[in-house]
Number of protein chains: 2
Amino acid sequence: MNRPTICPKFEKAISLLSQRWTALVIYQLLSGTQRFSEIQSSIGISGKVLSERLKDMEHHGIVKRKVIPDTPVIIEYSLTEKGMSLEPILREIENWSQLWIQLENVSS
Amino acid sequence: MNRPTICPKFEKAISLLSQRWTALVIYQLLSGTQRFSEIQSSIGISGKVLSERLKDMEHHGIVKRKVIPDTPVIIEYSLTEKGMSLEPILREIENWSQLWIQLENVSS
DNA sequence: ATACTTACTTACATAAAGTAACCTATTTAG
DNA sequence: CTAAATAGGTTACTTTATGTAAGTAAGTAT
């Protein structure tokens, strides 16, 4: 019932990138190393889901996690080479959004 | 609590494209006009969600729907100009997936 | 009349995401 | 000493999204 007309690598990439929040987190990290709470406040994701996503991305080799045993502890997240290689995709989306997306008026 | 450090147009584009199935449907339609059941069987989506997604995409001006009152009725879906303009994004993802995604062995 | 087709919709079940409160360790304030 | 703050989470519970299966409409074939 489910014959893979579509390339499985492509499908895998899509399912990774279209996980909710994943692309936004990567986009944030494109501008450099950030801490948990910075990412959280910049994209408005809940702590629960952010910690899930960061774990997933670590497993996928997209994000690096560095623990600095200061007090309180500092944990820095950054992109790996694989993560960085997603930049062209995000830039295409950014570019497309400027050309084709129009904002609705969200309360005056 | 949710301060928009990120461009709202970009965020909107991301939320559109990372809706589950949306990117795969667009990708399918890049190869030309298709019918409901063709899309359904090629990407393995349920009829319920496919009809939801197609409606959403119509609202977003990405997909065109053409009814041909044959019997049984034929309904053709294709990309609008806006939909077509997403091609570079999908191609970047395709390209990235070939370079960076490795398949696991899924049963011998 | 019955069965078949396409493109759906509806009802119900499960999975994913959101919210708020809590946890651990350490430092600072009173 | 107790209370509050901080960073980075986790836990329990609720809401939303998705999946599954069965049903619908209109017309055709048998």
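No experiment lies behind these values; they were computed from the predicted model shown. We name chains A, B, ... by the order of the sequence lines, and we start the count at 1 in each one.
The nucleotide whose nearest atom lies closest to any side-chain atom of B:Arg65 is, among D:dA7, C:dA7, D:dG9, C:dA7. The side chain of B:Gln19 lies closest to D:dT18, out of C:dC8, D:dG9, D:dT18.
Of the residues in residues 48-64 of chain B, those placing a heavy atom less than 4.0 Å from an atom of DNA chain D are B:Lys48, B:Val49, B:Arg53, in numerical order.
Side-chain atoms of A:Glu94 and A:Tyr27 form a donor-acceptor pair, as typed in the model, at a separation below 3.5 Å.
To the nearest angstrom, C1' of D:dT10 lies 10 Å from CZ of A:Phe36. For the pair A:Ile45 CD1 and D:dG9 C1', the computed distance is 13 Å after rounding to whole Å. Rounded to whole Å, the distance from CD on B:Gln40 to C1' on D:dT20 is 12 Å. Per the geometry, CD1 belonging to B:Ile68 stands 13 Å off P belonging to C:dC8, to the nearest Å. Distance A:Ile43 CD1 to C:dA17 P: 13 Å, rounded to the nearest Å.
Contact record, A:Gln40 with A:Ser46: NE2-C, 3.9 Å, taken as the closest heavy-atom pair.
Note on the helix from C:dA1-D:dT30 to C:dG30-D:dC1: angle between the axes of the first and last five pairs equals 30°, rounded to 10 degrees.
Both A:Ser37 and A:Arg20 lie close to DNA chain D; mapped to their nearest nucleotides by heavy-atom distance, the more 5′-ward contact belongs to A:Ser37.
Note that the CG atom of A:Leu86 and the CG atom of A:Leu17 stand 5.5 Å from one another [nearest 0.5 Å].
If you check every strand for non-hydrogen atoms under 4.0 Å, B:Ser46 touches a base.
A close approach under 4.0 Å does occur between a side-chain nitrogen or oxygen of A:Trp21 and OP1 or OP2 of C:dG18. At D:dA7, none of the side-chain N or O atoms of A:Tyr77 fall inside 4.0 Å of OP1 or OP2 (strictly under the cut-off).
Side chain of A:Thr33 to main chain of A:Ser78: no donor-acceptor pair is present (N/O by atom type, distance under 3.5 Å, no hydrogens or angles).
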Tabulate atom names and distances for all N/O pairs under 3.5 angstrom spanning the protein and nucleotides 24-30 of chain D.
| residue | atom | partner | partner atom | Å |
| --- | --- | --- | --- | --- |
| D:dG27 | O3' | B:Thr71 | OG1 | 3.2 |

